Amino acid sequence: MTQAAIGIDVGGTATKGAVVDAQGRVLARAERTTDPSAGTKGILSLLDDLSAGLDVAIAGVGVGVAGFVDVRAGAVTFSPNLVYDDPHIAAAVANHLRAPVVVDNDANAAVWGERCFGTAAGKDDVAMLTLGTGVGSGFVVAGRILHGSTGAGAEFGHTIVDLGGPLCTCGLRGCLEQFASGNGIARLAREALVDGSDSAILDFAGGQTITAVHVARAAREMDELARKVLRQAGHALAVGLSNIVNVFDPDVIVLAGSAVHAGEPFLGPARDRLSLMMTEQRRRPVRLDVSVLGDDAGIIGAAALVLQPDPSRRKT
Ligand SMILES: [Zn+2]
């Protein structure tokens, strides 16, 4: 019988689940809109959807959650957009399905997925930035997931790239997330248009709130203002990437998330500025890859937590 694991990815908007085999292939999948007040109950109902009619042996369940996670207890300690009345996810899932359970932060699961089955396969030092609505990040250091002392580490989106910059949701000013995320790109565009400048961004937005998607579309049409905004976002991303290189010296940095779809007008300036910064420091070039697992990095990564356990857990 095929050996497989279930991976669950609990995001702010969607909760996704998949049955994943030992080679990282998705055998079955399910998805629900995340009910912010459902907490652990949302995970259990998705598990019911997935496990109905399964004919594979399930080695365990991996759960990636947007928030701070106490990995030893398998519990959520803080989640910005979700309410966990019952934060002890591991215990609840184990009771429900009678299978081993591993819980981790969603960005940690994603980088583990890339390291086990994605573009960073076999690499022991990997950084991953997910440039979506915000900026998520995960790090594999010497073959282990970086958790920090309380599970609140590896939040690279909230490192500061502009002293006194715009206020971030975390309470600080000038975080990387304010520039290199979808929300950050949209903010830069709105600011650039405040003086009444003309841009195809306004046509694509059609009177609605400007988003990063409108900016990316306008940039593809060679709109000068949109390309300038994406250059600005790309240069801020380069500062973040340079900071990663200086701290971690990774084999590869993996980029993922919806903002990556803006493509070369965003990623080109980031790559070029990073290259200049590294040349100045006489560093060797670092590999910068776009995720190959894409939107499945979360579910495949959560399953990978079971299929190829992170060695740091064996300490407990
Ligand atoms: Zn922040």
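The structure presented is a predicted model; accordingly, all values stated were derived computationally and were not measured. For ligands, and for the atoms within them, numbers begin at 1 and follow the listed sequence.
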Leaving waters out, which protein N, O or S atoms fall under 2.8 Å from the Zn ion (ligand 1)? His158 ND1, Cys168 SG, Cys170 SG, Cys175 SG
Checking [Y] against [X]: is there a side-chain donor and acceptor pair closer than 3.5 Å?
X: Glu114; Y: Ser291; result: yes
X: Gln281; Y: Asn246; result: yes
X: Asp48; Y: His96; result: yes

Is any side-chain N of the basic residue among Asp49 and Arg32 closer than 4.0 Å to the acidic one's carboxylate O? yes
Test salt bridge (charged side-chain N to carboxylate O under 4.0 Å, His left out), reference Arg29, set Asp295, Asp296, Asp9, output is Asp296
Report the distance from atom OG of Ser199 to atom CD of Glu221, rounding to the nearest 0.5 Å. 11.0 Å
